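To start, the structure itself, in structure tokens.
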Amino acid sequence: AHPTYDDYWAAIDVEDKWGEIAAPALNMGGWFDLYGPQTFVNFNGLRKHGRTPEARQSRLIVGPWPHGLSRSTRTGDVDFGDNSLADLDDLELRWFDYWLKGIDNGVTEEAPLRLFIMGVNEWRDEQEWPLARAVQTKYYLHSGGKANSKQGDGSLSTTSPQSEAQDVYLYNPANPVPTTGGALCCNPYFAANGAYDQNEVEERQDVLVYSTLPLERDMEVTGPVTVTLWASTSATDTDFTAKLVDVCEAGCARNLTDGIIRARYRDSMSNPTLLEPNRAYCYEIDLWATSNVFKAGHRIRLEVSSSNFPRFDRNTNTGNIIAEDTELRPALQTVFHDVQQASYISLSVVPR
């Protein structure tokens, strides 16, 4: 009934109400929690705009966890080790002891942000989000026009593109790219959350795959991740998806974070506009955030497609309201990466 942002959503939107909140909040989240991004949003909102000094002392802890938080060392197929577990009950009790009972236990003297760094599987205290020392680094998409699947010629590098052929694939909503892990909630029967091998997904011709050369040294990425994508479609509305992947030396491909944009909402969630078919538009795809050390010998990989189902509902490509549509229409998608239309992923690289 409310496919666009309107008064219905505005009434329950907390993001314009932080200035009304007086109580400090202990936020908890996971890199594979569907609501993980909102923990950062609320942490920053309260720290910067809370009504009282107490609210502006809110804290955040983020582990390699799903929505259930610290219950197992495994999230998906990856075991992050005993160090990945945190005693959240103790953390909560200390928080309440200080704020509700006035027990001086040093809570407010600790760092406001505690993050688990995947790849090296270690905890680190931080003072702000995003990290002030992180360097926004663009990795540009390249290919000879055949980036389809992991057998294609797609690549990623910090070198900006010159004259390059575009990549083309057919998105058929009757045969969407299947969800394989990610930040999900709350029924693993339909879609298990966490980190899984993406090799089967990357065999598909409707998945464009761009990878760096093997890294010469460890590289940490901690912070927001975004993709700037120049693309066109034969439809009046469609979706574009992106996924950041850590590829090990043996070829295993571990998903870190992903995102999607529905073309009609490219400029506004309140006032959607349909596309002119076959015209190139610039899309900003929010991949939320991650914290991962890509080890030496590993490769950074970006997958681009138009579906991730059932994590996200399928775009029918008709331009109709998705929930009411019964027609599924294939669309021809084109991704550009050249001088005038440079597509890239922006990573928050942290010096180590």
Side-chain angles (χ1 to χ4, degrees), residues 29-41 44 62 64-66 75-76 115-119 129-131 134-141 147 154 156 158 177 179-185 191 193-196 198 201-202 207-212 219-231 238-247 253-263 265-266 269 281-294 298-309 311-312 315 333 335 337 342-350:
W31 297 122
F32 298 101
D33 177 11
L34 176 63
Y35 307 103
Q38 282 68 45
T39 59
F40 288 103
V41 171
N44 276 336
V62 181
W65 307 320
T75 305
L115 301 175
F116 187 86
I117 317 301
M118 298 181 290
W129 184 266
L131 307 188
V135 179
Q136 293 303 307
T137 306
K138 296 178 181 178
Y139 278 81
Y140 293 93
L141 281 59
L156 281 178
T158 55
V177 177
T179 296
T180 307
L184 298 160
C185 179
N193 58 5
Y196 288 91
Q198 303 298 307
V201 167
E202 293 171 356
V207 177
L208 304 181
V209 178
Y210 305 91
S211 308
T212 65
M219 191 181 95
E220 179 181 333
V221 174
T222 297
V225 180
T226 59
V227 169
T228 298
L229 189 74
W230 279 93
T238 195
D239 292 346
F240 289 102
T241 63
K243 184 188 301 175
L244 178 63
V245 178
D246 184 347
V247 184
R254 174 170 59 96
N255 58 296
L256 294 171
T257 188
D258 56 54
I260 188 170
I261 188 167
R262 181 143 292 171
Y265 298 118
R266 65 196 179 279
M269 288 296 296
Y281 293 85
C282 185
Y283 299 96
E284 295 292 330
I285 307 176
D286 186 358
L287 272 62
W288 298 357
T290 193
S291 182
N292 183 71
V293 172
F294 294 84
H298 286 216
R299 289 176 289 161
I300 302 169
R301 175 169 290 171
L302 174 66
E303 297 175 13
V304 174
S305 192
S306 288
S307 52
N308 182 350
F309 182 79
R311 170 152 161 66
F312 302 109
N315 197 313
Q333 318 289 60
V335 171
H337 39 83
S343 296
Y344 57 87
I345 182 170
S346 181
L347 302 176
S348 303
V349 177
V350 177

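Just so you know, these numbers come straight off a predicted model, no measurement behind them. Worth knowing before you read on, the calculation uses all heavy atoms, side chains too, and leaves out hydrogens, waters and symmetry mates.
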Considering residues at least two apart in sequence or located in another chain, which fulfil the salt bridge (Lys or Arg N to Asp or Glu O under 4.0 Å) criterion with Arg299?
none

What's the verdict on ring-ring contact (aromatic ring centres under 6.0 Å, His included) for Trp31 and Phe40, showing C-alpha distance, side-chain angles and the deciding distance?
CA-CA 11 Å; Trp31 297 122; Phe40 288 103; 5.7 Å; yes

Among residues at least two apart in sequence or on other chains, which ones pass side-chain hydrogen bond (donor to acceptor under 3.5 Å, both in side chains) with Glu202?
Arg301

Qualifying residues under side-chain hydrogen bond (donor to acceptor under 3.5 Å, both in side chains), relative to Ser307, sequence neighbours excluded
none

Side chains of Arg266 and Ile261: does their closest heavy-atom pair fall under 4.5 Å?
yes

When rounded to the nearest 0.5 angstrom, what distance separates NZ in Lys243 from OG1 in Thr180?
5.5 Å

Partner residues of Pro224 under the side-chain contact (heavy atoms from CB on, under 4.5 Å) criterion, sequence neighbours left out:
Trp129, Pro130, Ser348

Applying ring pair (Phe, Tyr, Trp, His ring centres under 6.0 Å), can you list everything that pairs with Tyr196, at least two apart in sequence or on another chain?
none

Shortest non-hydrogen separation from Trp230 to Ala342 and the atoms involved:
CD1-O, 3.4 Å

Can you give me the closest heavy-atom contact between Ala242 and Val227, atom names plus distance?
CB-CG2, 3.9 Å

Backbone N or O of Ser305 within a donor-acceptor pair of the Gln333 side chain at under 3.5 Å?
no

Can you list everything that forms a side-chain contact (heavy atoms from CB on, under 4.5 Å) with Ile117? Sequence neighbours excluded, please.
Leu115, Val120, Glu122, Arg124, Glu220, Thr222, Ser291, Val293

Could you tell me the separation between the CD atom of Gln198 and the CD atom of Glu303, rounded to the nearest 0.5 Å?
5.5 Å

Between atom CG of Asn315 and atom CD1 of Ile260, what is the distance when rounded to the nearest 0.5 Å?
8.0 Å

CG-CG distance between Leu256 and Asp246, expressed to the nearest 0.5 angstrom
5.5 Å

A side-chain contact here means heavy atoms from C-beta on lying under 4.5 Å apart; do Trp65 and Asp33 qualify?
no

Asp258 meets the salt bridge (Lys or Arg N to Asp or Glu O under 4.0 Å) criterion, sequence neighbours left out, with Arg311

Got a sec, which residues hit side-chain contact (heavy atoms from CB on, under 4.5 Å) with Leu156, two or more places apart in sequence or on another chain?
Tyr139, Leu141, Tyr210, Thr212, Ile300, Leu302, Ile345

Short side-chain to backbone donor-acceptor contact, Ser343 and His337, under 3.5 Å
no

Please name all residues satisfying side-chain hydrogen bond (donor to acceptor under 3.5 Å, both in side chains) with Thr179, sequence neighbours left out, ordered by chain then number.
Asn308

Tyr35: partners by ring pair (Phe, Tyr, Trp, His ring centres under 6.0 Å), with sequence neighbours left out:
His67

Between Thr39 and Gly29, the two heavy atoms sitting closest are CG2-CA, 3.9 Å

Side chain to side chain contact (heavy atoms under 4.5 Å, CB included) with Pro66: which of Leu184, Thr75, Leu34?
Thr75

To the nearest 0.5 angstrom, please state how far the OH atom of Tyr283 sits from the CG atom of Leu229.
8.5 Å

Flag side-chain contact, heavy atom, 4.5 Å: Asp239 against Arg262:
yes

Contacts of Ala195 that satisfy side-chain contact (heavy atoms from CB on, under 4.5 Å) - sequence neighbours left out:
Phe32, Val78, Arg254, Asn255

Do Cys185 and Asn193 have side chains that get closer than 4.5 Å, going by heavy atoms?
no

Working to the nearest 0.5 angstrom, can you tell me the gap between Phe240 CZ and Leu208 CG?
9.5 Å

Start with the C-alpha distance between Thr228 and Glu284, add both sets of side-chain angles, then the distance that settles side-chain contact (heavy atoms from CB on, under 4.5 Å), and finish with yes or no.
CA-CA 5 Å; Thr228 298; Glu284 295 292 330; 2.9 Å; yes

Taking only residues two or more places apart in sequence or in another chain, which ones pass ring pair (Phe, Tyr, Trp, His ring centres under 6.0 Å) with Phe116?
Trp123

Under 4.5 Å between any side-chain heavy atoms of Thr241 and Ile285, yes or no?
no

